[in-house]
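So the structure is just underneath, and the comments pick up after that.
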Amino acid sequence: QVQLVESGGGLVQAGGSLRLSCAASGRTFSSYPMGWFRQAPGEEREFVSAINWSGGRTYYADSVKGRVTISRDNAKNTVYLQMNSLKPEDTAVYYCAASRLLGTPSREYDYTNWGQGTQVTVSS
């Protein structure tokens, strides 16, 4: 079982950057693909990015491609989401999640463990 805690959210002006972190507990963190999702007010939760167990493969939603980088440090049981050139439409609660599947899954139901979320607000 993996427990996840996100941090690093906050208020930033458009064009700014944030780095989100997701700390995981559990001995088998390095076995799991990890993903980031986000949910804006009144919207459904949507996929942002995923990374495979080793960090060698990554996958991004078109809406963030080129602005966001996902990475992981298995020695620290942590996955990161570096977000640059932020836009007001990036405003959302960001969640990290762990999957038991292989590769870089992008569907919400592929993930079995979720963090509580961290708020990102981008002002114009």
Side-chain angles (χ1 to χ4, degrees):
Q1 188 76 352
V2 176
Q3 295 181 331
L4 306 171
V5 178
E6 302 95 335
S7 62
L11 174 64
V12 64
Q13 289 187 333
S17 299
L18 281 175
R19 188 175 83 154
L20 307 183
S21 299
C22 174
S25 63
R27 297 181 293 119
T28 57
F29 169 78
S30 60
S31 301
Y32 295 100
M34 298 293 295
W36 285 96
F37 289 74
R38 66 186 182 186
Q39 187 168 22
E43 303 290 333
E44 295 185 350
R45 190 153 53 183
E46 66 173 1
F47 171 77
V48 175
S49 182
I51 188 167
N52 76 328
W53 69 273
S54 69
R57 288 176 56 190
T58 58
Y59 183 54
Y60 298 95
D62 289 342
S63 59
V64 302
K65 198 173 295 182
R67 301 188 296 119
V68 165
T69 302
I70 190 171
S71 62
R72 68 190 296 163
D73 185 337
N74 286 342
K76 295 182 178 180
N77 279 9
T78 303
V79 62
Y80 304 97
L81 190 71
Q82 176 67 46
M83 302 189 294
N84 302 321
S85 302
L86 283 162
K87 305 174 182 180
E89 51 263 44
D90 294 318
T91 295
V93 177
Y94 283 70
Y95 299 90
C96 73
S99 172
R100 294 185 179 272
L101 302 181
L102 298 176
T104 53
S106 61
R107 298 170 299 188
E108 189 172 345
Y109 56 78
D110 290 333
Y111 288 82
T112 54
N113 300 88
W114 294 82
Q116 83 290 347
T118 185
Q119 176 70 46
V120 171
T121 304
V122 184
S123 63
S124 57

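Note that the structure is a prediction, hence the values are computed from the model and not measured.
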ILVMFWY cluster, Y80 and V68 together (side-chain gap under 4.5 Å): no

Q119 and T91, any side-chain heavy atoms less than 4.5 Å apart: yes

Heavy atoms from other residues, nucleotides or ligands near CD of Q82 exceed 12 (cutoff 6.0 Å): yes

Q39, E108, R38 screened by side-chain contact (heavy atoms from CB on, under 4.5 Å) with E46, the one that passes: R38

same_hphob_cluster(V64, M34) at 4.5 Å side-chain heavy-atom cutoff: yes

Main-chain N/O of N77 paired with N74 side-chain donor or acceptor, under 3.5 Å: no

Criterion ring-ring contact (aromatic ring centres under 6.0 Å, His included) against F37, the qualifying member of W114, Y94, Y109: W114

Heavy-atom closest pair, residues M83 and V120: CE-CG2, 4.0 Å

Hydrophobic cluster identity match, V48 and L18, side-chain contacts under 4.5 Å: yes

Atom pair CG/OG of D73 and S30 - distance to nearest 0.5 Å: 11.0 Å

N/O donor-acceptor pair under 3.5 Å between E6 side chain and G117 backbone: yes

N84 and S17: side chain donor to acceptor below 3.5 Å: yes

Distance (rounded to the nearest 0.5 Å) between S99 OG and I51 CD1: 13.5 Å

Distance (rounded to the nearest 0.5 Å) between Q3 CD and S25 OG: 4.0 Å

P105 backbone acceptor or donor facing D110 side chain under 3.5 Å: no

Reported OG-to-NZ distance for the pair S124 and K87, which is rounded to 0.5 angstrom: 14.0 Å

S49 side chain to Y59 backbone, donor-acceptor under 3.5 Å: yes

Residue Q116 excluded, over 12 heavy atoms near CD under 6.0 Å: yes

Side chain R45, main chain V93, donor-acceptor under 3.5 Å: no

Sidechain-backbone polar pair: Y60 side chain, I70 backbone, donor-acceptor under 3.5 Å: yes

Electrostatic pair K65-D62, nearest N-O below 4.0 angstrom: yes

From OG (S54) to CZ (R72), nearest 0.5 Å: 8.0 Å

Close side-chain approach of T104 to P33, heavy-atom, < 4.5 Å: no

Check: R57 side chain, N52 main-chain N or O, donor-acceptor pair, under 3.5 Å: no

Y95 vs L4 side-chain heavy atoms within contact, under 4.5 Å: no

Contact summary for A50 and Y111, nearest pair of heavy atoms: CB-OH, 3.5 Å

